[in-house]
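Step one of this worksheet: look at the structure below.
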Amino acid sequence: SDLRIVDNVGDASSWGGGIHFYESSSDVTDTLIDNNIAEYLGGGIYVDESTIVLTRVVVTNNQQTESNGTGTNGFSGGGGIYASMSDLYMYDVELSENYAIEKGGGIIFGFTGGTWDGLIVSNNTADEDGGGIYQHNGSDYLTIRNTEISGNYAGDDGGGIVVSTS
């Protein structure tokens, strides 16, 4: 807890500019994740096959900067967060001012469940779809409540949210 993960850059073919979680379990509390860059997946945070709890975390000004960096399940993007085949619990989390050259300016996720409560998803940008949130291939058990999605921009579909099965 009480971390500042700021101004990090993942090198070529990088996944997770600020934090990279793979096959892990972690709680992150009272943390700022700011101004990080990953070329392909998750400018701020990359989560794959993990169980992660984020509480009072700000994910802001992060970038996903290269196209065609397909992740483990055939999708890519996530300026703020990329999550795949995971349990992701977010409580009082802000995703703001993040940028994805592809999908999911704030977050892109697929095959991921959990609870998101008290989320603010604002002023994120995706050059393609899902300025704020892009859901790829669904989830059987995701609960979202007490959430604000505002001021996001997508170059194609869904400024706020895209839900897609492909």
Side-chain angles (χ1 to χ4, degrees), residues 3 5-26 28 31-54 57-90 93-114 116 119 121 123-139 142 152-166:
L3 299 174
I5 300 169
V6 178
D7 298 329
N8 299 288
V9 178
D11 206 354
S13 302
S14 64
W15 297 2
I19 304 175
H20 181 114
F21 293 109
Y22 179 69
E23 295 182 346
S24 61
S25 180
S26 268
V28 178
T31 296
L32 174 66
I33 300 167
D34 183 14
N35 202 39
N36 300 288
I37 299 172
E39 285 192 357
Y40 294 124
L41 306 171
I45 303 172
Y46 171 88
V47 180
D48 192 13
E49 298 182 34
S50 297
T51 299
I52 305 301
V53 179
L54 304 177
V57 172
V58 175
V59 181
T60 188
N61 298 310
N62 300 287
Q63 300 179 50
Q64 177 257 337
T65 60
E66 298 291 328
S67 295
N68 300 319
T70 302
T72 54
N73 285 298
F75 61 97
S76 59
I81 299 173
Y82 170 99
S84 176
M85 297 187 342
S86 296
D87 294 320
L88 179 60
Y89 299 89
M90 295 193 284
V93 170
E94 177 183 330
L95 303 174
S96 64
E97 303 290 336
N98 298 292
Y99 168 77
I101 198 167
E102 293 183 290
K103 297 171 173 65
I107 182 171
I108 186 170
F109 68 98
F111 309 102
T112 294
W116 302 355
L119 204 63
V121 182
N123 302 311
N124 299 287
T125 299
D127 281 355
E128 293 181 13
D129 304 321
I133 298 172
Y134 187 97
Q135 179 185 10
H136 177 81
N137 277 339
S139 171
L142 178 66
N152 300 288
Y153 172 82
D156 290 327
D157 298 326
I161 302 173
V162 167
V163 177
S164 176
T165 57
S166 62

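In this structure, Asp129 and Asp157 approach most closely via the heavy-atom pair OD1-N, 2.9 Å. Considering every non-hydrogen atom in both Met85 and Thr112, the closest pair reads N-OG1, 3.4 Å. Considering all non-hydrogen atoms of both residues, His20 and Trp15 come closest at ND1-O, 2.7 Å. Taking all atoms of both residues into account, the shortest heavy-atom contact from Ala38 to Gly17 is CB-N, 3.4 Å. Smallest separation of non-hydrogen atoms from Ala154 and Glu128: CB-O, 3.5 Å. Closest approach of Gln64 to Gly78, counting heavy atoms only: CB-O, 3.7 Å.
Evaluated for a side chain to side chain donor-acceptor pair (under 3.5 Å) with Asn35, the options Asn8, Asp7, Asn62 yield exactly one hit, Asp7.
Separation of atoms CD1 (Ile19) and CD1 (Ile52) is listed at 8.5 Å; rounding is to 0.5 Å. Summarising the geometry, atom CE belonging to Met90 is positioned 4.5 Å from atom CG belonging to Leu119; distances are rounded to the nearest 0.5 Å. Here the CG-CG distance, from Asn123 to Leu95, works out to 12.0 Å after rounding to the nearest 0.5 Å. Atom CD of residue Gln63 and atom CD1 of residue Ile37 lie 4.5 Å apart, to the nearest 0.5 angstrom. A distance of 10.0 Å separates CG of Leu142 from OH of Tyr89, quoted to the nearest 0.5 Å. Within the model, atoms OH of Tyr134 and OH of Tyr82 stand 12.0 Å from one another, a figure rounded to the nearest 0.5 Å.
Looking only at side-chain heavy atoms (C-beta outward), Leu88 and Phe21 stay at 4.5 Å or farther from each other. Residues Leu54 and Ile45 are in side-chain contact: their nearest non-hydrogen atoms beyond the backbone lie under 4.5 Å apart. Residues Val57 and Ile33 have side chains in contact (heavy-atom distance under 4.5 Å, counting atoms from C-beta outward). Between Ile81 and Phe109 there is no side-chain heavy-atom pair separated by less than 4.5 Å. Side chains of Ile107 and Ile133 form a contact here, defined as non-hydrogen atoms less than 4.5 Å apart. No side-chain heavy atom of Ser25 sits under 4.5 Å from any side-chain heavy atom of Asp87.
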- Item | Verdict with supporting geometry, Ile101 and Thr65, side-chain contact (heavy atoms from CB on, under 4.5 Å) | CA-CA 5 Å; Ile101 198 167; Thr65 60; 5.7 Å; no
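Under the 3.5 Å distance criterion, the side-chain polar atoms of Ser86 are left unmatched by any main-chain donor or acceptor of Thr51. Listed for the Glu39 side chain is no donor-acceptor partner under 3.5 Å among the backbone atoms of Leu41.
A donor-acceptor contact closer than 3.5 angstrom links the side chains of Asn152 and Asn124. Side-chain contact of Ser96 with Thr60: a donor-acceptor pair under 3.5 Å is present, judged by distance alone.
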